Amino acid sequence: MAAERFRIVGGARLHGEVRVSGAKNSALKLMAAALLAEGKTTIRNVPDIADVAIMADLLTRLGCTVVRTDDCVSIDVPKVPAHRADYDLVRKMRASINVLGPLVARVGMAEVALPGGDAIGSRGLDFHFKGLVTLGATAHNEHGYVIATAPDGLVGADIVLDFPSVGATENLLTAAVLARGTTTIDNAAREPDVVDLGQFLIGMGAKIEGLGTTKLTIHGVTKLNPTDHTTIPDRIVTGTWAFAAVMTGGDITIHGGRAEDLELPLEKLASAGAIVTSTPDGIRVRMDGRPQSIDVATLPYPGFPTDLQPMVISLNSIAQGDAIVTENVFEGRFMFVNELVRLGAQITVDGHHAAISGIPQLSGAPVAATDIRAGAGLVLAGLVSEGITLVEDSFHIDRGYPRFAEELAALGAEVTRETVE
Ligand code: UD1
């Protein structure tokens, strides 16, 4: 079967303008949450990535009519959606698990295959299941599926999460909006994607307090209505462009990028030597010369996002000085470090710490993307490597970055797609 890879000739300084589209991790959840109301919901600013097509397929199998035009997705939800999400789709994309909460809340029953998704750690789902049980559902695993039922509806309750899991907060929020009575979710995730989902639900008629804080209070309603909502811009794609500018000594204006969603990463880039300024509709990131190394520890929002960790390691590989990067969210997320080492990076991993000694230039080689963000991190490394870097399995990158190779080329990089038999 034909696969694609990116071919990168390193050395270019990125220069110019890009526009950031809607956030993948928001748009996919909004699509799943559309199941909560019968009728036609419209979601705008949806990115043109493979995962959106997978979510559209999943919703279609659940009985919805999904129409995609440009960056707009309309989802017509039937009176009673089907309740089974099959493994062949769920395994391609972890965000499929987000149909669980809406289906239990609306249909009283869900059978959702346990997801695969990115190879970045064990990624448990126990908080999702425990939370639903606290809301009165039953949940058990059978033949690779989680089967959750609540034939008489969910009942509001107080939930405390052991960790501010993004996915669990979203699933429980989208379940609680139709529960009888009031639900609280303590130690809730505060990511901008969760806030966007909350605003979408409020647009449907949900009653939610505390969005963006660690405690959500949800007063259940009996029925929600379809809505029309615009997805927030992708902060991880924005951050990736910012790192690309700094690593290549470039100058990129990122239209649509929201600095307020990226406070810590932009502060870190400033300490690496970048000049970050606001523009009327986004941010501009400039860099002269070689960046200084930066120590980073990933944490739930507003901490440093784990999804930008590969970019930090790539930057530190060519920075002046030594750095420690600590991964606190996903234990498997250093797997791609072995690929960076193939480019000559000097990195030692010890548990969830990576120690990096910056060198002036990496040296191009074939490497493989293991997940979306690792793939993007390797592409950035390829941009600052001498000679040719081939990033194999680039379909991972296409799952999160619309037209990444083409956008890089427009900024002056020598990047092309190649088909590999
Ligand atoms: C989402 C994002 C992902 C991002 C992550 C953290 C999507 C599709 N993916 O993933 O890009 O890196 O947030 O910002 O939106 N955990 C448990 N039990 C649970 C749930 C989570 O142990 O029931 C653990 C996970 O294994 C992980 C940590 O909690 O170690 C954080 O996971 P979580 O915040 O849930 O990430 P996702 O929602 O999967």
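What you are looking at is a predicted structure, and each value in this text was computed from that prediction instead of being measured. We count ligands from 1, going down the list as the structure has it; atoms in each ligand are counted the same way.
- Distance OG1/Thr238 to NE2/His255: 12.0 Å, rounded to 0.5 Å.
- Between Pro164 and ligand 1, no N or O atom pair is found at a separation short of 3.5 Å.
- The pair Arg44-Asp70 fails the salt-bridge criterion, with no side-chain N (NZ, NE, NH1 or NH2) lying under 4.0 Å from an Asp/Glu carboxylate O.
- The side chain of Phe163, and not its backbone, has at least one atom closer than 4.0 Å to an atom of ligand 1 (non-hydrogen atoms only; side chain from C-beta on).
- The closest heavy-atom contact to atom 39 (O) of ligand 1, among the options Glu327, Arg94, Lys24, comes from Arg94.
- Around the CG atom of Asp126, the shell of radius 6.0 Å holds more than 12 heavy atoms that belong to other residues, nucleotides or ligands.
- The residue Arg373 has no part lying near ligand 1, judged by heavy-atom distances below 4.0 Å.
- Note that OG1 of Thr416 is 9.0 Å distant from CD1 of Ile8, once rounded to the nearest 0.5 Å.
- Of the candidates Asp307, Thr306, Asp51, it is Asp307 that places a heavy atom closest to atom 3 (C) of ligand 1.
- Backbone and side-chain nitrogen or oxygen atoms of Glu331 are examined, and none is located within less than 3.5 angstrom of a nitrogen or oxygen of ligand 1.
- Counting non-hydrogen atoms of neighbouring residues, nucleotides and ligands closer than 6.0 angstrom, the CD atom of Glu418 exceeds 12 such neighbours.
- Sequence neighbours left out, not one pair with a member in residues 128-159 passes ring pair (Phe, Tyr, Trp, His ring centres under 6.0 Å).
- Using a 4.0 Å cutoff on heavy atoms, Arg333 counts as a contact of ligand 1.
- Which parts of ligand 1 touch Lys29 is read off a 4.0 Å heavy-atom cut-off, strictly below it: atoms 7 (C), 8 (C), 15 (O).
- For ligand 1, the atoms lying closer than 4.0 Å to a non-hydrogen atom of Gly167 are 35 (O), 38 (O).
- The atoms of ligand 1 that sit less than 4.0 Å from any heavy atom of Val329 are 27 (C), 28 (C), 30 (O), 31 (C).
- Note that CD1 of Ile49 and CZ of Phe404 are 13.5 Å apart. Values are rounded to the nearest 0.5 Å.
- When Val166, Asn25, Leu28 are checked for heavy-atom proximity to atom 13 (O) of ligand 1, Val166 turns out nearest.
- Judged by the shortest distance from any of its heavy atoms, Glu170 lies outside the 4.0 Å radius around the atoms of ligand 1.
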For residues 197-219, please give each side-chain donor-acceptor pair under 3.5 Å, one per line with the distance, not counting sequence neighbours.
| residue | atom | partner | partner atom | Å |
| --- | --- | --- | --- | --- |
| Glu209 | OE2 | His219 | NE2 | 3.1 |
| Thr213 | OG1 | Gly210 | O | 2.6 |
| Thr213 | OG1 | Lys215 | N | 3.2 |
| Thr213 | OG1 | Lys215 | O | 3.0 |
| His219 | ND1 | Thr182 | OG1 | 2.9 |

